[in-house]
Amino acid sequence: QVQLVESGGGLVQAGGSLRLSCTSSGIIFDINTMGWYRQAPGKQRELVATVTRASSTNYADSVKGRFTISRDNAKNAVYLQMNSLKPEDSAVYYCHANLRRIAIERFVDYWGQGTQVTVSS
């Protein structure tokens, strides 16, 4: 059973910073892309940032220059450093990993349970 567990969410004032972490547990053979998505009340889940196995990154325009995604392949972990936070960044943030548990298996998407980030004005 593969699990993704997020941590690091919370309440912060506008202009502040938070660092989200996501660790993967269980039998994992290989992880392709990892990333962070978010969902605000009444809105669809949206991409925040992704990072490939080779550390190539992609960001939503709304977070470019403020957020930094990174990963530790040895720990099967992904991180999101969020600076200059704005009230519109408030959402539940979900960790995502596209992985396979054994060599002969196809890659499958896994999600964490989400962590709340609230930015007060």
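- Between Val48 and Leu80 there is a side-chain heavy-atom pair separated by less than 4.5 Å.
- Note that the OG1 atom of Thr57 and the CE atom of Met34 stand 14.5 Å from one another [nearest 0.5 Å].
- A chain of hydrophobic side-chain contacts below 4.5 Å, direct or via other Ile, Leu, Val, Met, Phe, Trp or Tyr residues, connects Leu47 to Val92.
- Linking ILVMFWY side-chain heavy atoms closer than 4.5 Å, directly or via other members, places Val108 and Leu99 in a single hydrophobic cluster.
- Residues meeting the side chain to side chain contact (heavy atoms under 4.5 Å, CB included) test with Asn98, sequence neighbours left out: Asn32, His96, Phe107, Asp109.
- A pairwise comparison of heavy atoms in Ser90 and Ala40 identifies O-CB, 3.8 Å as the closest pair.
- When the shell of 6.0 Å around CD1 of Ile102 is examined, it contains more than 12 heavy atoms from other residues, nucleotides or ligands.
- For Tyr93 and Arg38, the side-chain atoms include at least one donor-acceptor pair closer than 3.5 Å.
- Using a cutoff of 4.0 Å between basic side-chain nitrogens and carboxylate oxygens, Lys86 and Asp89 are not scored as salt-bridged.
- Within the 4.5 Å cutoff, the side chain of Tyr94 has no heavy atoms near those of the Cys22 side chain.
- When all heavy atoms of Ser84 and Ser17 are compared, the closest pair comes out as N-OG, 4.4 Å.
- For the atom pair Ile104 CD1 and Arg106 CZ, the distance stands at 13.0 Å (nearest 0.5 Å).
- Using a 4.5 Å heavy-atom cutoff, the side chains of Leu85 and Leu18 are in contact.
- Residue pairs satisfying the side chain to side chain donor-acceptor pair (under 3.5 Å) criterion with at least one member in residues 110-121, sequence neighbours excluded, are listed as follows: Glu6-Gln113, Gln116-Thr118.
- Annotation: side chain of Ser70 is not in contact with side chain of Gln81 (no heavy-atom distance under 4.5 Å).
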Under the criterion side-chain contact (heavy atoms from CB on, under 4.5 Å), I'd like the reasoning laid out for Arg53 against Thr33: C-alpha separation, chi angles, the key distance, then a yes or no. CA-CA 6 Å; Arg53 189 189 298 112; Thr33 300; over 6 Å; no
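- The two atoms that bring Tyr59 and Ala49 nearest to each other are CD2-CB, 3.5 Å, heavy atoms only.
- In Gln3, the CD atom is not crowded: 12 or fewer heavy atoms of neighbouring residues, nucleotides or ligands sit closer than 6.0 Å.
- Between the CZ atom in Arg45 and the CD atom in Gln39 there is a gap of 5.5 Å [rounded to 0.5 Å].
- In this structure, the side chain of Ser24 engages the main chain of Asn76 through a donor-acceptor pair within 3.5 Å.
- Summarising the local packing, CZ of Arg66 is surrounded by more than 12 heavy atoms from other residues, nucleotides or ligands at distances under 6.0 Å.
- Between Ile31 atom CD1 and Thr52 atom OG1 the span is 12.5 Å, to the nearest 0.5 Å.
- For the pair Arg71 and Tyr79, the cation does not sit on the ring face, since its NZ or CZ is not both under 6.0 Å from the ring centre and inside 45° of the axis.
- In this structure, the side chains of Arg101 and Ile28 stay at 4.5 Å or more apart for every pair of heavy atoms.
- Under the 4.5 Å side-chain criterion, counting only non-hydrogen atoms from C-beta, Tyr37 is in contact with Thr50.
- At least one side-chain heavy atom of Val78 sits less than 4.5 Å from a side-chain heavy atom of Ile69.
- With contacts defined as side-chain heavy-atom distances shorter than 4.5 Å, the pair Val119/Glu88 does not qualify.
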